[in-house]
Q: 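Have a look at the structure that comes next, please.
As the structure lists them, so they are numbered: ligands from 1, and atoms in each ligand from 1. Computed from heavy atoms alone, side chains included, the values below leave out hydrogens, waters and symmetry copies.
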Amino acid sequence: MKLGALKNHFESELSDTYPKEEIQSFFTLLLDYFLNYSRIDSVTRASETIANDEVEKFNETIIRLQRHEPIQYIIGETEFFGFPFFVNEHTLVPRPETEELVLWVLSEMKGRESQRILDIGTGSGCIAVSIAKNEPQSEVMALDISAKALEVARKNAERNDVAVTYHLHDILSEPLTYGNFDIIVSNPPYVRELEKAQMNPNVLEYEPDAALFVPDGDPLVFYRAIARQAKDCLNLGGFLFFEINEYLGKEMSSLLSSLGYRDIVVQKDMFGKDRMIKCTHHGSTE
Ligand code: GLN
């Protein structure tokens with residue numbers, strides 16, 4: 001099959017499932033992944049014949065995409081904060097909103113001496129690794145409950161040539177024994193079961209439930225556990241940063257203020273939704 005025909009076939013097979021621009025960006029990613037061809041090659045080499053076994057790889061991928069499998073899992077990697085990250089079914093696909101959280105953390109770190117940072121629920125390691133990349137003087141530690149996610153996170157630190165110390169840790173049942181952090185950051189699970197109805201099949205059917213969902217009756221369970229323990233692990237004047245559920249900004253502010261945190265700021269994401277919060281630890285009592 002010629003490359004031009006393959007492209008048309010790919011587009012028509014997926015046109016019922018995805019918008020045109022998205023299909024084109026899938027094709028560009030797959031061209032690079034399977035054939036090492038650039039986007040321009042799909043135009044300049046349109047009349048080139050593609051071997052059957054290569055065409056077969058595209059056909060298999062079409063089926064996976066029709067079933068809404070995220071393209072990032074199919075090719076096994078994605079980009080976050082301009083850096084390459086391995087991802088698989090044990091980690092979330094990093095979201096652009098989380099890049100904004102990293103940006104916020106980095107803006108707080110700017111101009112300070114080397115700092116100790118803790119990322120709780122690191123998943124693919126995207127937050128920890130991006131911070132370590134941008135602030136090479138900092139000491140970055142990251143925790144996750146999933147050994148399989150930590151395997152991916154370790155590869156991502158290696159791939160991006162940074163040192164991050166990873167530990168297997170269940171924040172809901174194990175006390176935090178690490179300390180003296182200047183910043184603790186977390187993007188814990190925060191989607192309520194009741195929000196499932198608004199979610200897409202690529203998320204619901206493929207991404208790890210444990211990284212996403214919290215009970216309707218206690219959606220802040222991770223934040224409470226982290227914020228309580230963080231007071232013993234943060235230096236005075238240290239910061240706590242969270243990515244949050246867009247509907248729970250007020251509840252988050254109350255929680256943090258009831259625990260004695262100060263300078264609480266909620267920030268919106270690029271979509272205008274309450275998406276992150278930061279506060280400081282001044283050592284006050286509850
Ligand atoms: N923002 C993610 C989503 O909407 C959820 C991330 C999380 O639960 N921490 O799928």
Q: What about Arg275: any of its N or O atoms under 3.5 Å from an N or O on ligand 1?
A: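 For ligand 1, there is no N or O atom that lies under 3.5 Å from one belonging to Arg275.
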Q: In residues 79-91, what donor-acceptor pairs under 3.5 Å come from side-chain atoms, sequence neighbours left out?
A:
from  : atom 1 : to    : atom 2 : distance (Å)
Asn88 : OD1    : His90 : N      : 2.8
Thr91 : OG1    : Asn88 : N      : 3.4
Thr91 : OG1    : Asn88 : O      : 3.2

Q: What's the shortest distance from atom 1 (N) of ligand 1 to any protein heavy atom, and which residue and atom give it?
A: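 Looking at atom 1 (N) of ligand 1, the protein heavy atom closest to it is Tyr190 OH, 2.8 Å.
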Q: In the protein, what heavy atom is nearest to atom 10 (O) of ligand 1, and what distance, to one decimal place, separates them?
A: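 Here the closest protein heavy atom is Arg95 NH2, 2.6 Å.
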Q: Closest approach of Pro94 and Thr78, non-hydrogen atoms and distance?
A: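 Here Pro94 and Thr78 meet closest at CD-CG2, 3.7 Å.
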Q: Quick check: does Asn187 get an N/O under 3.5 Å from an N/O on ligand 1?
A: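 Yes.
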Q: Do any pairs count as a ring pair (Phe, Tyr, Trp, His ring centres under 6.0 Å) and have a residue in residues 132-190, sequence neighbours left out, and if so which ones?
A: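 Non-adjacent pairs meeting ring pair (Phe, Tyr, Trp, His ring centres under 6.0 Å): His167-Tyr178.
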Q: If you draw the axis of the six-membered ring of Phe213, does the NZ or CZ of Arg192 fall within 45° of it and under 6.0 Å from the ring centre?
A: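 Geometry flag: not set, cation outside 6.0 Å or 45°.
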Q: Atoms of ligand 1 less than 4.0 Å from Pro188 heavy atoms?
A: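 Selected atoms, number and element: 7 (C), 8 (O), 9 (N).
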Q: Can you tell me if Ala211 has a non-hydrogen atom under 4.0 Å from ligand 1?
A: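 Ala211: in contact with ligand 1 (<4.0 Å).
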Q: What about Met199: any of its N or O atoms under 3.5 Å from an N or O on ligand 1?
A: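 Between Met199 and ligand 1 (N or O atoms, distance only) the closest approach is not under 3.5 Å.
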Q: Set out, in order, the CA-CA distance, both residues' side-chain angles and the distance that settles side-chain hydrogen bond (donor to acceptor under 3.5 Å, both in side chains) for Gln115 and Ser138, then state yes or no.
A: CA-CA 5 Å; Gln115 295 183 75; Ser138 61; over 6 Å; no
Q: Which ligand 1 atoms, with their elements, are less than 4.0 angstrom from a heavy-atom of Pro189?
A: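 Near Pro189, meaning under 4.0 Å from one of its heavy atoms, ligand 1 has 8 (O).
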Q: Quick one: sort the Tyr223 and Phe242 rings into parallel, tilted or perpendicular, breaks at 30° and 60°.
A: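 If you compare the ring of Tyr223 with that of Phe242, the planes turn out perpendicular.
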Q: Do any N or O atoms from the side chain of Tyr18 and from the backbone of Leu65 form a donor-acceptor pair under 3.5 angstrom?
A: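 Judged by distance alone, yes, a pair lies under 3.5 Å.
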Q: Where on Glu207 is there a heavy atom closer than 4.0 Å to ligand 1, on the side chain, on the backbone, on both, or on neither?
A: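 It is neither part, as no heavy atom is under 4.0 Å.
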